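Below: one structure, written as structure tokens.
Because the structure is predicted, anything quoted here is derived from the model rather than measured.
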Amino acid sequence: MLWIIIGVLMLIAIYFGYQRHLNKNLPPGPWGVPILGYLPWLNPTQPYKTLTELAHKYGPIYSIQMGKHFAVIMSDPSSVRMALARNELADRTNFTVINEIMQEHGLIFTHGALWKEQRKFVCNWLKTIGVCKFGDKKNNLQLNIMDAVSSTISKIRHSNEFPIDTGKLFLVYIGNFINHIVLGKTWPEDDLNWIYLRKLAEDGSKKFAVATPLSVLPILKVIPKYRKTIIEVIEGVKNTHFIYKTLMEKRSGKIDDCDDLMAMFMKEVTKRKNDKDPHYFTEKQCNYLLSDLFGAGVETSVNTLRWFLLYMALNKDIQNELQKQLDLVSTNGAVIDLEQIESVPLLKACVFETMRLRPVAPSGIPRAVNNEIWILGFRIPKGTMVLPLQWAMHRDVKYWVNPLAFQPQRFFDEDGNIINNKAFMPFQAGKRACVGDTLSYWMLFLFGANLIHNFYISMEDNLSEKELNTIMDGEFGITLSPAAHNIIFKSRV
């Protein structure tokens with residue numbers, strides 16, 4: 001027994017000695033344990049808060065072992081922007097579980113030639129549908145968003161001020177707008193395909209939260225709970241792709257004048273049918289790309305809008321002032337448009353402040369180092385996972401006065417104009433910044449302005465402090481979303 005104990009102690013000593021050798025010139029950080037690293041000390045439901053506490057202790061760049069992944073956490077805005085702009089950080093982290101689900105296709109978690117080709121294609125598609133500074137296409141795109149806004153307002157009015165689950169509400173109408181531009185198709189609310197796709201979207205974040213530990217500890221797949229979740233997610237992907245394939249078959253030969261993503265991709269496939277140069281315009285890539293763009297567009301917009309309404313409900317003085325300013329630009333009860341919103345900087349400031357306090361990706365979306373680099377005097381080895389920690393940057397007292405408070409005025413200069421704060425990065429930065437940031441802002445501005453203009457926003461009465469804190473702490477899955485709650489809309493115009 002004594003020799004066994006001595007042997008174990010020697011192995012532990014050798015392990016930590018080897019780690020010290022490997023850690024030469026690496027950023028500082030906490031020790032972990034073999035295999036798990038620092039995972040036992042991470043908050044399982046709010047890991048970004050633990051990572052922020054470590055940033056306070058170790059500084060704006062530190063290292064941490066997270067299961068199989070060696071990670072570097074960055075929280076200094078200037079350094080983050082500089083790092084994310086480098087070619088060495090143009091790749092996503094290679095997560096085994098994500099690869100199993102996405103088959104290294106789509107856009108968000110791809111890399112290399114496929115990512116470059118498909119990102120360029122998506123950027124060109126966004127310009128084609130009207131994501132530009134001016135022109136008829138922009139006007140038409142805005143009208144499509146405004147149609148979704150009008151339908152949402154009509155649905156709310158029929159609720160007769162009954163409390164509404166905004167998650168389900170926005171998923172129907174924002175989701176159908178995304179369907180229109182991505183699939184060239186909208187469905188009635190009671191359509192079976194649309195009911196199924198909405199159910200997948202609702203469950204996806206929860207299942208992703210269950211599966212997240214697999215990203216850093218793939219061995220957990222042997223545990224039935226985790227394996228069952230992955231099987232369910234993959235089954236959902238297959239069923240979604242079947243719906244897409246059926247839709248593509250029905251649209252064959254009818255897409256000449258269409259500019260939705262599916263149609264543009266189908267036309268590109270035909271164009272490159274006899275192309276001898278390598279490319280990734282295949283049916284498989286189309287299915288995963290459509291899923292990526294739908295999921296990203298819906299998840300971020302729906303949850304940010306839900307957070308926005310919560311902050312409006314909790315800050316009645318700001319809500320009232322915003323309503324006064326929106327009243328001044330509204331004409332004849334029509335939907336307030338983007339041009340009118342330019343005259344209401346408070347609306348933009350409220351959206352920005354919402355995104356600062358409740359970023360959809362509080363831990364940042366991981367990047368992977370494809371070649372060893374040096375950042376702030378520290379060596380970052382190839383294969384390192386780099387996390388730009390939005391939660392920390394958005395709450396850093398060096399850049400934000402009273403950072404925990406909801407204060408939209410912080411985004412104004414002395415003349416009342418919107419200012420940029422370098423620590424504000426809701427859509428990340430660099431080569432893999434969100435391609436749909438402009439479109440997302442347009443949706444948030446149009447929905448936000450018109451909902452606040454048309455309704456008094458409040459929460460249900462008699463919520464306890466504990467219940468309110470639970471709602472505002474949120475649930476962290478694919479994105480950070482509010483916990484289950486209802487909003488009361490009382491008509492004002």
* Indicate, with yes or no, if the rings of H105 and Y280 have centres closer together than 6.0 Å. => no

* Do S78 and K422 have side-chain N/O donor and acceptor atoms under 3.5 Å apart? -> yes

* **R432 (side chain) donor-acceptor with L84 (main chain) under 3.5 angstrom** => no

* For Y196, does the OH atom have more than 12 heavy-atom neighbours from other residues, nucleotides or ligands under 6.0 Å away? -> yes

* Asked: Does F447 have its ring centroid less than 6.0 Å away from the ring centroid of F308?
  -> no

* To do: Report the relative orientation of the aromatic rings in F424 and F411; use parallel for angles under 30°, tilted for 30 to 60°, perpendicular for over 60°.
  => perpendicular

* To do: Would you check if there is a donor-acceptor pair between the side chains of T128 and D259 at a distance under 3.5 Å?
  => no

* Using modelled atom types only, decide if a donor and an acceptor are shared between the side chain of D260 and the backbone of H180 within a distance under 3.5 Å. => no

* Is the distance between the ring centroids of H394 and Y399 under 6.0 Å? -> no

* CD/E353 to CD/Q407 distance, rounded to the nearest 0.5 angstrom? -> 7.0 Å

* **Under 3.5 Å donor-acceptor, N315 side chain and I318 backbone** => no

* Between F352 and Y441, is the gap from one ring center to the other below 6.0 Å? -> yes

* Asked: How many angstroms lie between CD1 in I101 and CD1 in I234, if you round to the nearest 0.5 Å?
  -> 6.0 Å

* Begin with the C-alpha distance, continue with both residues' side-chain angles, and end with the deciding distance and a verdict on side chain to side chain contact (heavy atoms under 4.5 Å, CB included) for F489 and L309. => CA-CA 10 Å; F489 297 84; L309 293 181; 3.8 Å; yes

* Describe, in one word, how the ring planes of F281 and F265 are oriented to each other, choosing from parallel (under 30°), tilted (30 to 60°) and perpendicular (over 60°). => tilted

* Flag for R157-N454: side-chain donor and acceptor within less than 3.5 Å -> yes

